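Here is the structure we will look at, set down as structure tokens.
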Number of protein chains: 2
Amino acid sequence: MVQKSKKPPSAAKIAAPVAPKRRGRPRAYEPDVALGKALDLFRRDGFAATSLDDLSAATGMNRPSLYGAFGDKRELYIKSYQRYRDDARAAMVDIFRADAPLRERLERIYRIALDIYLSGESGPRGCFTVMTAASEAVSDPDIRAMVLEGLTELDKAFGICFRHAKERGELPDGADPAALAHLASATIHTIAIRARARVPRRELEAIVKGAIDLMCRAN
Amino acid sequence: MVQKSKKPPSAAKIAAPVAPKRRGRPRAYEPDVALGKALDLFRRDGFAATSLDDLSAATGMNRPSLYGAFGDKRELYIKSYQRYRDDARAAMVDIFRADAPLRERLERIYRIALDIYLSGESGPRGCFTVMTAASEAVSDPDIRAMVLEGLTELDKAFGICFRHAKERGELPDGADPAALAHLASATIHTIAIRARARVPRRELEAIVKGAIDLMCRAN
DNA sequence: ACTTTTTTGTACCATTTCGCATTAAATTCC
DNA sequence: GGAATTTAATGCGAAATGGTACAAAAAAGT
């Protein structure tokens with residue numbers, strides 16, 4: 001159950017990613033890259049339209065291995081979503097924490113977001129949080145909770161951003177950081193959706209620019 | 001192939017919805033209400049997770065009748081989407097055309113939108129355009145075109161709204177109607193997504209209020 | 001060399017899914 | 001009343017789907 005139950009208890013403290021000398025037949029796949037492939041498929045087609053055969057083919061693992069490594073399809077979807085969130089957070093956290101002017105921070109956040117949403121060999125894949133909200137979230141309480149967490153996490157990050165900017169005098173006194181944060185999230189959501197409709201990057205950047213102009217001049 | 005090939009050519013000009021005296025066994029269903037039921041299902045579960053059996057049960061039509069009336073599953077989905085768009089347009093067009101103050105128009109539009117997104121017996125169903133963008137739009141060009149049309153139609157309606165308001169002096173000279181329209185659409189999208197994550201109406205209304213405040217005070 | 005452990009690979013099963021072929025029913029036209 | 005026409009109802013069938021049983025394979029321990 002525990003993520004990394006590799007090392008025998010007698011192992012040295014230092015080594016974590018060294019070869020742990022597992023007992024049986026070695027794995028023919030790397031769990032991390034396999035999960036990445038699964039995520040790619042789920043992001044493109046969604047939960048219901050992605051079959052275990054598809055996943056098996058994409059990961060190179062046969063079905064029993066898939067099942068043994070990640071559990072059933074739903075569990076794999078959940079793990080894929082967590083992986084997506086981890087990646088997205090890792091890509092943005094530095095920018096959210098950075099001590100740069102508001103406009104610059106927003107520009108960098110949206111650039112990263114567009115990179116994520118527009119990537120994909122067979123068309124742009126959008127935002128997995130939005131996709132999951134649009135599909136499984138209504139019927140599956142656990143997944144819905146994760147989605148809600150993803151949405152509020154973004155709201156909060158933007159909220160801190162705008163509160164910080166207001167304290168530094170980058171925004172007028174009347175500015176409402178919470179409302180601005182919701183607008184910043186809304187802009188994320190709208191470009192994620194439009195990306196999947198294959199709106200070209202140019203146009204999405206124009207939408208972002210308009211939104212940033214409004215948010216930076218808010219009163 | 002033609003939508004309404006009911007009347008014999010000798011029929012009177014006046015009568016369109018009167019009983020057309022069809023030749024064979026009468027239909028046991030009303031196409032309009034059946035399509036409405038199908039739309040309900042598709043909106044809740046999406047294309048892939050809705051089976052023909054589900055549709056058959058919900059509409060009361062058996063599978064061959066479904067097929068005969070609407071074509072295969074994909075065609076039924078497309079017709080459902082068109083129905084959704086028609087309904088949504090019908091619910092909003094009067095407000096977009098009305099000659100009321102900007103703030104009031106926006107408030108009314110978002111109230112209608114929330115009504116649509118939050119309705120549904122088994123949980124809120126969100127916006128079908130957004131759902132379709134999040135699922136079939138990447139892989140199906142025809143559906144993608146419809147989604148894109150839906151997105152731009154909303155942008156345009158809001159655009160006219162803001163341009164009108166600017167001409168009437170409700171917005172400062174520096175205001176950018178196109179950018180505001182994108183923000184208004186973004187607000188639609190964000191509440192549609194959050195609705196499916198079961199964010200309560202109260203919170204959605206607060207988000208809408210914050211957005212309206214910003215849009216009406218835009219400079 | 002033999003046992004133990006872990007993973008792989010093949011094959012299978014029950015169920016679901018979509019689509020259609022065929023027959024039975026209900027209505028109008030003659 | 002009988003032919004023609006349109007729809008309903010039953011049910012089939014081929015394929016796909018999620019999941020698992022079971023034996024072979026590959027490594028470490030003894």
Side-chain angles (χ1 to χ4, degrees), chain A residues 1-2 4-11 18-35 38 41-42 45-80 136 139-140, chain B residues 1-2 4-11 18-35 37-38 41-42 45-80 136 140:
Chain A
M1 288 302 156
V2 184
K4 300 192 175 181
S5 59
K6 296 177 185 175
K7 318 180 269 186
S10 60
V18 294
K21 284 279 187 186
R22 299 180 58 87
R23 195 88 148 48
R25 178 170 174 170
R27 288 204 188 100
Y29 59 91
E30 281 196 81
D32 278 359
V33 317
L35 190 57
L41 271 198
F42 278 135
D45 298 329
F47 177 79
T50 304
S51 73
L52 285 187
D53 278 339
D54 297 335
L55 292 164
S56 180
T59 58
M61 303 163 65
N62 41 35
R63 228 139 1 114
S65 294
L66 254 180
Y67 199 85
F70 302 111
D72 68 6
K73 192 182 168 189
R74 179 173 169 277
E75 287 180 83
L76 177 53
Y77 187 84
I78 290 175
K79 291 194 170 86
S80 298
E136 315 311 309
S139 54
D140 190 315
Chain B
M1 288 300 156
V2 184
K4 301 190 177 184
S5 57
K6 296 177 187 176
K7 317 180 273 185
S10 60
V18 295
K21 285 279 188 183
R22 299 182 58 86
R23 196 82 147 50
R25 177 171 175 169
R27 288 204 189 101
Y29 59 90
E30 282 197 80
D32 279 359
V33 316
L35 189 58
K37 298 285 188 184
L41 271 198
F42 278 135
D45 298 330
F47 177 79
T50 304
S51 73
L52 286 186
D53 278 338
D54 296 334
L55 293 163
S56 179
T59 58
M61 303 165 64
N62 41 33
R63 227 139 0 113
S65 294
L66 254 180
Y67 199 85
F70 304 111
D72 67 7
K73 193 180 165 188
R74 179 173 169 277
E75 286 181 82
L76 177 53
Y77 187 84
I78 290 176
K79 291 193 171 87
S80 297
E136 315 311 309
D140 190 315

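What you see is a predicted model; the values in this text were computed from it and never measured. Labels below follow one simple rule: chain letters A, B, ... track the order of the sequence lines, proteins then strands, and each chain is numbered from 1.
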With a non-hydrogen cut-off below 4.0 angstrom, is Ser56(B) in contact with a base, only sugar-phosphate, or nothing?
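Here Ser56(B) touches no strand at all.
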Does Lys37(B) use its side chain to pair, donor to acceptor, with the backbone of Ala57(B) at less than 3.5 Å?
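No: the side chain of Lys37(B) does not pair with the backbone of Ala57(B).
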Does CD belonging to Glu30(B) count more than 12 external heavy atoms closer than 6.0 Å?
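Count not over threshold, so no.
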Side chain of [X] only, please: which of [options] is the nearest?
{"X": "Ser51(B)", "options": "dC12(C), dT17(C), dC20(C)", "result": "dT17(C)"}
{"X": "Pro26(A)", "options": "dA26(D), dG19(C), dT7(D)", "result": "dA26(D)"}
{"X": "Arg25(A)", "options": "dA26(C), dT7(C), dT10(D)", "result": "dT7(C)"}

Does a nitrogen or oxygen in the side chain of [X] sit under 4.0 Å from OP1 or OP2 of [N]?
{"X": "Asn62(B)", "N": "dA9(D)", "value": "yes"}
{"X": "Ser65(A)", "N": "dT7(C)", "value": "no"}
{"X": "Tyr67(A)", "N": "dT20(D)", "value": "yes"}

For DNA chain D, whose closest nucleotide is more 5', that of Pro64(A) or that of Asp53(A)?
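Result: Asp53(A).
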Pairs under 3.5 angstrom, nitrogen or oxygen only, protein versus nucleotides 28-30 of chain D, please.
{"from": "dA28(D)", "atom 1": "O4'", "to": "Arg23(A)", "atom 2": "O", "distance (Å)": "3.1"}

Value in whole Å for how far the C1' atom of dT7(D) lies from CG of Leu66(B):
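After rounding, the gap between these two atoms is 13 Å.
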Please report the C-alpha distance between Thr59(A) and Val33(A) in whole Å, then the side-chain angles of each, then the deciding distance to 0.1 Å, and finally whether the side chain to side chain contact (heavy atoms under 4.5 Å, CB included) criterion is met.
CA-CA 8 Å; Thr59(A) 58; Val33(A) 317; over 6 Å; no
Would you please test Thr50(B) and Tyr77(B) for side chain to side chain contact (heavy atoms under 4.5 Å, CB included) and show each step?
CA-CA 10 Å; Thr50(B) 304; Tyr77(B) 187 84; over 6 Å; no
Side chain to side chain contact (heavy atoms under 4.5 Å, CB included) between Arg63(A) and Asp53(A), worked out
CA-CA 7 Å; Arg63(A) 228 139 1 114; Asp53(A) 278 339; 3.4 Å; yes
Working note: Leu76(A) + Phe42(A), criterion side chain to side chain contact (heavy atoms under 4.5 Å, CB included); need CA distance, chi angles, decisive distance, verdict.
CA-CA 10 Å; Leu76(A) 177 53; Phe42(A) 278 135; 3.9 Å; yes
